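The block underneath contains the structure these notes are about, expressed in structure tokens.
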Amino acid sequence: MTTLEIERDVLLAPLTSLELGGPAKYFVRVTRETTLVDALRWAANKQVPAAILAGGSNLIVPDEGYEGLVIQMALAELDFRRGGTVSAGAGVAWEKVVDGAVARGWAGLECLSGIPGSTGATPIQNVGAYGVEVAEVIARVRVLRRDTFAFDELVPEDCGFGYRDSVFKRDPDRFVVSSVDFALRPNGPGAVRYAELEKNIVPDATLAEIRSTVRTLRRRKSMLIEPDDPNRRSAGSFFLNPVVAPADADRLAEQAVNEKLVSVANEVPRYPTEGAQVKLAAGWLIEKAGFAKGTRRGAIGVSSKHALALVHHGGGTTAELLAFADEIRARVLDRFGVTLEREPRLLI
Ligand code: EPU
């Protein structure tokens, strides 16, 4: 039996990549499933809300903080089993999983290198990069049901995965992800599907080469969190790439040609999706709406390397960040009739 060590008034900013926001009224770090249950029961008994904090790299903490219990997930088991199955606790740093898989020659995660945060967050927003989504290799998600305090194992069909979406994201009060099993491909070829990756890689690249190229591309965009990078305080992509009807994408391309934003329509980036819809590039829309890379509003700015990331330069507030995001959203809507949706979670 472990005792629950609840702390009071813990600053959350240092636990997030944006380094913004106020304290948690109550805070606990959990390293075991039993303590997770105890923590949730504690909050229920006290009648305060409970929220889960993982790696903090996709989270916006309001300036007023959180008036409840923040549970930091630190479940750290990591098991590479024979046959290509990896089982990882929610608190395991994601890069450690990618690292172990690539070192063993197990394919499936090499394109997902350099993504900050922890393993438990990967199914929640179905993380994806360079043509690969984590849902492709998830075998099982072990969850705690918040209504019954019982553990359960969900197969991918139960997870409702979509583009940066899942049942966990749509219904955050239902489950807490406690560990994830991945089914990888021992000796399998790596995935080179993304045009930018293809352009920068040698033919028949090994998993390690694919991983290394992905990291180089991410570094160029300040999408690797590195201590000397002036764009490092961000939550990665701040908006989702909007998914629209083909007719709306055609209309946008026509407008872009008419306004001489591009010389030919196919210069407007668009990607097919699984349905009949078209995915647009939010970074392109933001730039073309007039927010050049590096645009600043006080302590908050557009990353100087990638227009889709908003950066905190130090000494700012969450209110400033959200105000700048609203300004961008309103201008993109006004200019192009496209609505941008926030990608990182707001801790409320
Ligand atoms: N673009 C611009 N200006 C910019 C950035 C991008 O015009 O400043 C245009 C370019 O035309 C470029 C296109 O947008 O070709 C796509 O850019 P990029 O390849 O950088 O990818 P993205 O669509 O902006 C998405 C993910 C990233 C992921 C990359 C690579 C989302 C919301 N973001 O970004 O994920 O790393 O693809 O696969 O889907 C994240 O979710 O935090 C994240 C970093």
Side-chain angles (χ1 to χ4, degrees), residues 16-18 55-60 94-95 98 109-117 121-122 124-136 161-166 169 191-201 210-211 213-225 229 231-243 249 252-253 256 261-262 264-273 277-295 301-311 325 328 332 336 338 340-345:
T16 70
S17 57
L18 275 164
S57 54
N58 200 47
L59 185 70
I60 304 169
W94 175 243
E95 195 63 19
V98 175
L109 302 182
E110 59 287 347
C111 286
L112 303 179
S113 183
I115 297 174
T122 61
I124 297 175
Q125 58 151 348
N126 184 15
V127 304
Y130 298 95
V132 174
E133 285 183 345
V134 78
E136 293 173 39
F161 288 125
Y163 164 57
R164 289 294 191 281
D165 201 21
S166 70
K169 182 169 168 182
V192 180
R193 306 175 186 157
Y194 201 74
E196 188 190 17
L197 181 57
E198 245 167 288
K199 229 184 294 165
N200 285 279
I201 204 139
I210 296 173
R211 177 190 187 201
T213 307
V214 163
R215 291 181 66 84
T216 304
L217 297 177
R218 291 187 73 97
R219 181 174 291 117
R220 278 187 211 151
K221 300 178 195 179
S222 289
M223 292 285 182
L224 280 187
I225 300 183
D229 187 334
N231 295 303
R232 71 187 174 282
R233 290 191 207 90
S234 89
S237 300
F238 197 88
F239 299 103
L240 293 166
N241 283 329
V243 176
L252 173 72
L261 300 174
V262 291
V264 286
N266 67 11
E267 280 174 30
V268 177
R270 53 190 279 172
Y271 312 95
T273 64
Q277 308 279 87
V278 176
K279 201 192 267 180
L280 302 173
W284 186 92
L285 291 163
I286 292 169
E287 275 198 288
K288 298 299 180 192
F291 299 96
K293 294 186 188 79
T295 303
V302 173
S303 163
S304 64
K305 300 281 182 56
H306 198 290
L308 194 43
L310 299 188
V311 171
I328 293 172
V332 168
F336 300 120
V338 176
L340 294 183
E341 226 179 283
R342 175 167 39 79
E343 202 254 2
R345 176 167 72 109

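None of these values were measured; they are calculated from a predicted model. Just so you know, ligand 1 is whichever comes first in the structure, and atom 1 is the first atom listed for that ligand.
Listed by atom number, the atoms of ligand 1 under 4.0 Å from G283 heavy atoms are 2 (C), 3 (N). Near L308, meaning under 4.0 Å from any of its heavy atoms, are these atoms of ligand 1: 24 (O).
Taking atom 38 (O) of ligand 1 as the reference point, the nearest protein heavy-atom neighbour is Y130 N, 2.6 Å. Nearest to atom 23 (O) of ligand 1 among the protein's heavy atoms is N241 ND2, 2.8 Å. The nearest heavy-atom contact from the protein to atom 11 (O) of ligand 1 is P269 CG, 3.3 Å. Regarding atom 17 (O) of ligand 1, its nearest protein heavy-atom neighbour is H306 NE2, 4.0 Å. Closest to atom 36 (O) of ligand 1 among all protein heavy atoms lies R218 NH1, 3.4 Å. Here the heavy atom of the protein found nearest to atom 15 (O) of ligand 1 is Y271 OH, 3.7 Å. Nearest protein heavy-atom neighbour of atom 14 (O) of ligand 1: A281 CB, 3.2 Å. Here the protein heavy atom with the shortest distance to atom 37 (O) of ligand 1 is Y194 OH, 3.8 Å.
We find that K169 and E343 are not joined by a salt bridge, their nearest charged nitrogen and carboxylate oxygen being 4.0 Å or further apart. Looking at K288 and E267, no side-chain N of the basic residue comes within less than 4.0 Å of a carboxylate O on the acidic one, giving no salt bridge. A salt bridge does not link R220 to E196: none of the charged side-chain nitrogens sits closer than 4.0 Å to a carboxylate oxygen.
Residues N126 and S166 have side chains that never bring a donor and an acceptor to within less than 3.5 angstrom of each other. Remark: the N231 side chain and the S304 side chain contain an N/O donor-acceptor pair separated by less than 3.5 Å.
Looking only at distances, a side-chain donor or acceptor of R164 sits under 3.5 Å from a matching main-chain atom of G128.
In this structure, of S237, C111, G236, the residue bringing a heavy atom nearest to atom 44 (C) of ligand 1 is S237. The nearest non-hydrogen atom to atom 18 (P) of ligand 1, considering only K288, K221, E196, comes from K221. The residue from W284, Y163, F239 that puts a heavy atom closest to atom 31 (C) of ligand 1 is Y163. When the options E343, E267, E287, E341 are ranked by their closest heavy atom to atom 3 (N) of ligand 1, first place goes to E287.
In terms of N/O distances under 3.5 Å, ligand 1 is approached by A307.
No heavy atom of K305 sits closer than 4.0 Å to any atom of ligand 1. Residue contacts with ligand 1 include R164, since one or more of its heavy atoms lies under 4.0 Å from the ligand.
In E341, the CD atom is not crowded: 12 or fewer heavy atoms of neighbouring residues, nucleotides or ligands sit closer than 6.0 Å.
Distance check, rounded to the nearest 0.5 Å: OG1 of T273 to NZ of K279 gives 7.5 Å.
Considering I286, L340, V302, L285 as possible partners of L308, the one that fulfils the side-chain contact (heavy atoms from CB on, under 4.5 Å) test is I286.
With a 4.5 Å cut-off on side-chain heavy atoms, W94 and T122 count as touching.
The aromatic rings of F336 and W284 sit tilted relative to each other, their planes meeting at an angle between 30° and 60°.
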